[in-house]
A.B. asks: 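Take a look at the following structure, please.
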Amino acid sequence: MRISVSSDMDEPVARALVAALQGRGHEVRPHGALRSGGDPQWAVCSEAAAREVADGTADQAVVCCWTGTGASIAANKVPGVRAALCTDAYTADGARRWNDANVLALSLRLTSEPLLTEILDAWFAGEPSEDTEDRQNVDRVRILDHGRNRL
Ligand SMILES: O=C[C@H](O)[C@H](O)[C@H](O)COP(=O)(O)O
């Protein structure tokens with residue numbers, strides 16, 4: 001997959017994330033502190049990565065900041081993006097399964113490299129649920145994207 005990755009800080013775990021994604025065969029599109037000349041403000045680089053998912057340049061994105069909160073907030077402002085801040089593998093699996101999340105948000109502070117591996121394993125193994133209620137919930141979120149009562 002083509003995966004946009006942003007981080008507002010050039011932290012070892014952010015570099016490990018890029019290497020892990022490449023090691024899994026993904027094409028990484030770096031943003032923020034991960035790219036020479038990139039704008040490292042979390043609101044800017046998270047939005048840039050998320051926009052690539054929304055416009056189809058990327059299949060998914062991983063957005064990072066110290067807490068993960070700013071990155072997830074900014075990404076979720078982009079219509080079509082469902083960003084989930086995941087602090088463990090169970091949450092990452094649920095985000096893919098029940099939320100059809102297309103952007104993974106991570107905390108640079110909390111995510112150790114072993115935990116990163118667990119989260120990525122769960123994220124990439126997870127498939128969106130076909131359950132009717134789950135799909136209806138995701139559709140409701142799509143309606144919210146547009147600010148009006150249609151998909
Ligand atoms: O949600 C915000 C993020 O956690 C930032 O990474 C945090 O604000 C640190 O940014 P700075 O080092 O620019 O203060």
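Atoms within a ligand are numbered from 1 in the order they appear, just like the ligands themselves. One is the number of the first residue; the rest follow in order along the sequence.
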A.B. asks: Do you know which of Q60, H31, R2 makes side-chain hydrogen bond (donor to acceptor under 3.5 Å, both in side chains) with E52?
C.D. replies: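 Between E52 and the candidates, side-chain hydrogen bond (donor to acceptor under 3.5 Å, both in side chains) is satisfied uniquely by H31.
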A.B. asks: Among protein heavy atoms, which sits nearest to atom 7 (C) of ligand 1, and what does the distance come to when rounded to 0.1 Å?
C.D. replies: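 Heavy-atom neighbour on the protein nearest atom 7 (C) of ligand 1: W66 CB, 4.1 Å.
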A.B. asks: Just let me know how W42 lines up against ligand 1, side chain, backbone, both or neither, with a heavy-atom cut-off below 4.0 Å.
C.D. replies: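 The answer is the side chain.
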A.B. asks: Below 4.5 Å, heavy atoms only, C-beta onward: do P128 and R135 meet side chain to side chain?
C.D. replies: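 In short, these two side chains touch, coming nearer than 4.5 Å.
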A.B. asks: For residues 12-27, which side-chain donor-acceptor pairs fall under 3.5 Å, sequence neighbours excluded?
C.D. replies:
unit_1 : atom_1 : unit_2 : atom_2 : d
R15    : NE     : D10    : OD1    : 2.7
R15    : NH2    : D10    : OD1    : 3.4
R15    : NH2    : D10    : OD2    : 3.3
R24    : NH1    : D121   : OD1    : 3.1
R24    : NH2    : D121   : OD1    : 2.8
H26    : ND1    : M1     : N      : 3.1

A.B. asks: Please write down residue, atom name and distance for the protein heavy atom closest to atom 3 (C) of ligand 1.
C.D. replies: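 The answer is C65 SG, 3.3 Å.
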A.B. asks: Is a side-chain N or O of D55 found less than 3.5 angstrom from the main chain of T57, in a donor-acceptor match?
C.D. replies: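 At least one qualifying donor-acceptor pair exists.
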A.B. asks: Could you find the nearest protein heavy atom to atom 1 (O) of ligand 1 and give me its residue, atom name and distance?
C.D. replies: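 So the nearest neighbour among protein heavy atoms is G70 N, 3.0 Å.
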A.B. asks: Are the side chain of T67 and the backbone of S107 linked by a donor-acceptor contact shorter than 3.5 Å?
C.D. replies: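 No: the side chain of T67 does not pair with the backbone of S107.
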A.B. asks: Between Q136 and T132, is there a side-chain heavy-atom distance shorter than 4.5 Å?
C.D. replies: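 T132 vs Q136: side chains touch.
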A.B. asks: Measure the distance from atom 12 (O) of ligand 1 to every protein heavy atom, then report the residue, atom name and distance (to 0.1 Å) of the closest one.
C.D. replies: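 So the nearest neighbour among protein heavy atoms is M9 CE, 4.2 Å.
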A.B. asks: Could you list the atoms of ligand 1 found under 4.0 angstrom from a heavy atom of T67?
C.D. replies: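 Reading through ligand 1 atom by atom, the close ones are 1 (O), 2 (C), 3 (C), 4 (O).
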A.B. asks: How close does the nearest protein non-hydrogen atom get to atom 10 (O) of ligand 1, and which residue and atom is it?
C.D. replies: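 Here the nearest protein heavy atom works out to D8 OD2, 3.9 Å.
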A.B. asks: Short list, please: which atoms of ligand 1 are under 4.0 Å from a heavy atom of T69?
C.D. replies: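 Matching atoms, with element in brackets: 1 (O).
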